[in-house]
Amino acid sequence: MIPVPGFKGRRVAVFGLGRSGITAARALQAGGAVPVLWDDGVSGRMQAEAEGFLVEDLTRADWSGFAALVLSPGAPLTHPKPHWTVERAHGACVPVIGDVELFARALDALPRGQRPRVVAITGTNGKSTTTALIGWVLKSAGLSVHLGGNIGIGVLALPAPTPDAVYVIEVSSYQLDLTTRFAPDVAILTNISPDHLDRHGGMEGYVAAKQRIFQAQVAEALALVGVDEAWGQGIATDLREHGRRICTVSTSAHPRGGGDPVRGVSTTLAESQQPKNWVPASAGMSGIEAAPGALTADGDVLADLSAARSLPGRHNAQNAAFAYAAARALGVLHEAAVEGLMTFPGLAHRMEAVGRLGAVRFINDSKGTNADAARQALSSYPSVFWIAGGKAKEGGVEALRDLFPHVAKAYLIGEAAEAFAETLGDTPHILAHTMERAVEMAGADAAKAGGEQVVLLSPACASFDQFPDFEVRGEAFRAAVLALGAKAEPAA
C-alpha cells in the first residue's frame with residue numbers, strides 16, 4: 001500500500017467503494033486522514049463498515065468540513081451531468097480528485113532523490129497490452145517493477161515506493177479527468193478513436209481528457225504519442241510547440257488522418273552507467289515506425305517482430321514500439337529490450353490464442369469492445385470466421401466495411417446481431433445469438449473450409465447485454481472452444 005500524506009487529521013469524502021475507492025480509503029487512513037465513506041450500494045457500505053471505516057450518508061453531510069472528495073472514476077464528473085457528490089463538492093469549494101491524483105501527491109511528498117520512476121499509459125485501444133508489455137520488458141531487464149492502475153491492482157494498493165522502483169500504470173480517461181499533478185517520467189498515448197463520448201461531452205472532451213496525461217510532466221520527462229490518427233498528430237504538434245520532449249510512433253509512413261510521415265533521427269541512447277533514477281536527456285528516437293515485421297527508426301531496424309508469437313498484427317507492432325521506446329528511455333539496453341519483446345507471453349483476451357482443433361486456431365480478442373479495436377484484430381489475418389456482437393457502440397461496425405472481404409463468415413451474438421447483419425449485407429453471416437452456438441458453428445465451418453483457418457472473437461461491442469464484463473465473455477469463448485475438443489495452445 002502507498003500511504004497518502006497531506007490530509008493528516010482532516011476529513012476526506014470518498015464516494016464509490018469499488019476497487020479504487022476502498023483502496024483510496026485505506027491509503028488515506030494510512031497517511032493520517034479521516035476518510036468518510038459512502039456508496040449508493042449497500043454491499044459497499046457494509047464492506048467499509050466491516051473494515052472499521054467511518055460510513056456517513058454524504059447527502060446529509062456538512063461538506064464545508066471536507067478537505068477533498070475522492071470520486072470513483074465510474075461516477076460522472078461533468079457529463080451527461082455531474083454526479084450529485086460533485087455538485088455538493090463544488091458548492092462547498094471542495095476539490096474533486098481520484099486515486100491516481102492521490103498517488104501523484106504521495107510521490108510528490110518524497111524527497112526528489114527518493115522518488116521512483118513512473119511510466120503511464122493511456123489510449124482508446126492497446127493500453128492494457130502496452131502496459132503489460134512494458135512491465136514484462138522492464139522486469140526481464142532486472143528492474144523492480146510495480147504494475148497496476150486501470151489494469152489489475154489499484155494504483156494505491158501497489159507496494160510503497162522505493163528509489164529503485166518503476167511504477168507502470170494504466171490510466172483511463174475517467175481517471176485522468178480527476179488529476180492535476182500526475183507527472184509520469186514517461187507518458188504514453190497509444191491512439192485515439194471515438195469512445196466514451198457520453199462521459200466527456202463529445203470528442204473534444206474525450207481528447208482533452210487523454211491529453212491530461214502530459215499536463216504536469218517536467219521538462220526532462222518524455223512523451224510518447226501514437227500519430228496514426230489526426231487527434232494524436234494534433235497532440236504531438238501541440239507538445240512540440242510547447243518545447244516538450246516527444247517521440248512519435250506510427251504504423252505507416254502515411255498515418256491515417258494525414259500529416260507528414262514520421263521519421264526517427266537517432267537510435268543512440270546512453271546506457272547503464274547512468275544513475276538509476278535517470279531518464280536520458282536524449283530520448284534516443286524522435287519517431288518509430290511499427291509494422292508487423294519490424295520496428296524501425298530512421299531506416300534502422302530496432303527489432304524483428306516476425307518471431308514474436310504474442311505480438312501479431314500492426315497494432316501489436318505499435319504496442320511493441322511504445323514498450324521499446326519506454327524501456328530505452330529508462331536506460332534498458334537495446335538487446336535486453338528486444339529480448340523482452342520476443343519473450344512476452346501475451347495478455348488474456350487480447351488477441352489470445354486459446355486453442356487449436358486440427359488446422360483451426362481460435363483467437364480470443366474479447367477486449368475488442370469497439371470498432372477500432374476490432375479493426376486491429378481483423379486486419380491481422382487474411383481471412384477469419386468472425387464472432388461479433390454484444391451491446392453496440394455508436395456507429396456499430398460501419399467503419400469496418402473495408403475489412404469485410406477478410407470475413408469468410410460472421411457469427412453474430414447479443415443485442416447487436418440484427419443491426420450488424422444489416423450492415424454486413426452480402427458478407428456471409430448468420431445470427432448465432434449465443435457464444436456457445438457461435439463457436440460451434442464457426443468451428444465447424446472453418447474445419448470444412450480446409451487448410452489453416454482462424455476463428456476470431458473480436459466483438460466490436462461492449463459485453464453488458466450478455467456478460468458482466470469482457471473478461472467473463474472471453475472466458476465463455478475459451479470454455480466453448482475447449483468444449484469442442486480443441487487443445488490449449490502452449491505458452492509463447
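Residue numbers count from 1 along this sequence.
Screening T23, V168, I169, L147 for a side chain to side chain contact (heavy atoms under 4.5 Å, CB included) involving L158 leaves a single residue, I169.
Electrostatic pairing of R350 and D365 does not count as a salt bridge here, judged by no charged N lying under 4.0 Å from a carboxylate O. Of the charged side-chain nitrogens involved, at least one lies within less than 4.0 Å of a carboxylate oxygen, so that R26 and E51 count as a salt-bridged pair. Between R478 and E352 there is a salt bridge, since a side-chain N of the basic residue sits under 4.0 Å from a carboxylate O of the acidic one.
Residue I288 comes nearest to C247 through the heavy atom pair CG1-SG, 4.2 Å, listed as atom of the first residue, atom of the second, then distance. Among all heavy-atom pairs drawn from S128 and I151, the shortest one is O-CD1, 3.8 Å. For the pair P116 and D185, the tightest heavy-atom approach, listed with the atom from each and the gap, is O-OD2, 4.0 Å. Nearest heavy-atom pair across V171 and K210 is O-NZ, 4.5 Å. Minimum interatomic distance between Q175 and P73 (heavy atoms only, all atoms of both residues): CG-CB, 4.1 Å. Here the shortest heavy-atom pairing between S458 and A374 reads OG-CA, 3.3 Å.
By the neighbour-count criterion of 12 heavy atoms within 6.0 Å, atom CD of E87 is densely surrounded, having more than that number from other residues, nucleotides or ligands.
Here the CG-CD1 distance, from N150 to I153, works out to 13.5 Å after rounding to the nearest 0.5 Å. A distance of 5.0 Å separates CD1 in I188 from CD1 in I121, rounded to the nearest 0.5 Å. Taken from CH2 in W231 to OG in S193, the straight-line distance is 7.0 Å, to the nearest 0.5 Å. With rounding to the nearest 0.5 Å, the separation of CD in Q217 from CD1 in I246 is 10.0 Å. To the nearest 0.5 Å, the span separating CZ on R10 from NZ on K8 amounts to 13.5 Å. For the atom pair NE2 (H334) and OH (Y324), the distance works out to 4.5 Å, reported to the nearest 0.5 Å.
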CA sep, side-chain torsions, deciding dist, call: I235, L189, side-chain contact (heavy atoms from CB on, under 4.5 Å): CA-CA 9 Å; I235 290 172; L189 174 62; 3.5 Å; yes
Please evaluate residues N364 and S366 with respect to the criterion side-chain hydrogen bond (donor to acceptor under 3.5 Å, both in side chains), reporting the C-alpha separation (whole Å), side-chain torsions for both, the decisive distance (0.1 Å), and the verdict. CA-CA 6 Å; N364 170 18; S366 183; 4.6 Å; no
Can you check salt bridge (charged side-chain N to carboxylate O under 4.0 Å, His left out) on E56 and R11, steps first, answer last? CA-CA 12 Å; E56 184 176 319; R11 285 163 58 91; 3.3 Å; yes
Assess the residue pair E289 and T251 against the criterion (side-chain hydrogen bond (donor to acceptor under 3.5 Å, both in side chains)); give the C-alpha distance rounded to whole Å, side-chain angles, the decisive distance to 0.1 Å, and a yes or no. CA-CA 5 Å; E289 287 185 13; T251 61; over 6 Å; no
Go through F322 and L133 one step at a time and tell me if the side-chain contact (heavy atoms from CB on, under 4.5 Å) criterion holds. CA-CA 9 Å; F322 285 119; L133 181 54; over 6 Å; no
Please walk me through it: do N319 and T130 pass side-chain hydrogen bond (donor to acceptor under 3.5 Å, both in side chains)? CA-CA 5 Å; N319 298 337; T130 301; 3.0 Å; yes
Check the pair V70, F15 against side-chain contact (heavy atoms from CB on, under 4.5 Å), reporting the backbone distance first and the verdict last. CA-CA 6 Å; V70 178; F15 179 83; over 6 Å; no
List the steps, then state whether side-chain contact (heavy atoms from CB on, under 4.5 Å) holds for V118 with V166. CA-CA 6 Å; V118 177; V166 180; over 6 Å; no
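Here the side chain of T190 pairs a donor or acceptor atom with the backbone of N125 at under 3.5 angstrom. A donor-acceptor pair under 3.5 Å is formed between the side chain of T179 and the backbone N or O of L176. Formation of a donor-acceptor pair under 3.5 Å by the Q233 side chain with backbone atoms of V227 is found in this model. A distance-only check finds no donor-acceptor pair linking the side chain of R314 to the backbone of A291 [under 3.5 Å]. Side-chain atoms of K127 come within 3.5 Å of backbone atoms of G123 as a donor-acceptor pair (strictly under, hydrogens ignored). At distances below 3.5 Å, at least one donor-acceptor pair connects side-chain atoms of R45 with backbone N or O atoms of D39. Panel note: side chain H83, backbone T85; a donor-acceptor pair is recorded below 3.5 Å. In this structure, the side chain of R375 engages the main chain of A399 through a donor-acceptor pair within 3.5 Å. A donor-acceptor contact shorter than 3.5 Å is absent between the side chain of R181 and the backbone of A104. With hydrogens and angles ignored, the 3.5 Å screen pairs a side-chain donor or acceptor of R328 with a backbone N or O of V332.
Note on ring orientation: taking the six-membered ring where Trp is involved, the planes of F103 and Y167 are perpendicular (angle over 60°, cut-offs 30° and 60°). Between H200 and Y206, the ring planes lie tilted relative to each other; the angle falls in the 30° to 60° range.
For Q376 and N316, the side-chain atoms include no donor-acceptor pair closer than 3.5 Å. Looking at E170 and T122, their side chains never bring a donor and an acceptor atom within 3.5 Å of each other. A donor and an acceptor atom, one from each side chain of T343 and W136, are located under 3.5 Å apart. Between the side chains of S250 and D228, no donor-acceptor pair is found at a separation under 3.5 Å. For the residue pair T180/E101, the side-chain donor-acceptor check at 3.5 Å is satisfied.
For the pair L58/F66, a side-chain contact is recorded, criterion being any heavy-atom separation below 4.5 Å from C-beta on. By the 4.5 Å heavy-atom criterion applied to side chains, I97 and L69 are not counted as neighbours. In this structure the side chain of V86 reaches within 4.5 angstrom of the side chain of L77, judged on heavy atoms. Inter-residue side-chain proximity for V119 and L330 is flagged as met; some heavy-atom pair is nearer than 4.5 Å. Between M351 and S380, some side-chain heavy-atom pair lies under the 4.5 Å cut-off. The side-chain heavy atoms of L239 and F214, taken from C-beta on, include a pair separated by under 4.5 Å. Between T369 and P459, the closest side-chain pair of non-hydrogen atoms is not below 4.5 Å. Side-chain contact check for D238 versus Q211: some heavy-atom pair is nearer than 4.5 Å.
A cation-pi arrangement is found for R199 relative to Y174, the charged atom lying closer than 6.0 Å to the ring centre and inside a 45° cone about the ring normal. Remark: K367 is positioned above the aromatic ring of F470, its terminal NZ or CZ atom under 6.0 angstrom from the ring centre and at most 45 degrees off the axis.
Under the 6.0 Å cut-off for aromatic ring centres, F477 and H349 do not qualify, their centroids lying 6.0 Å or more apart.
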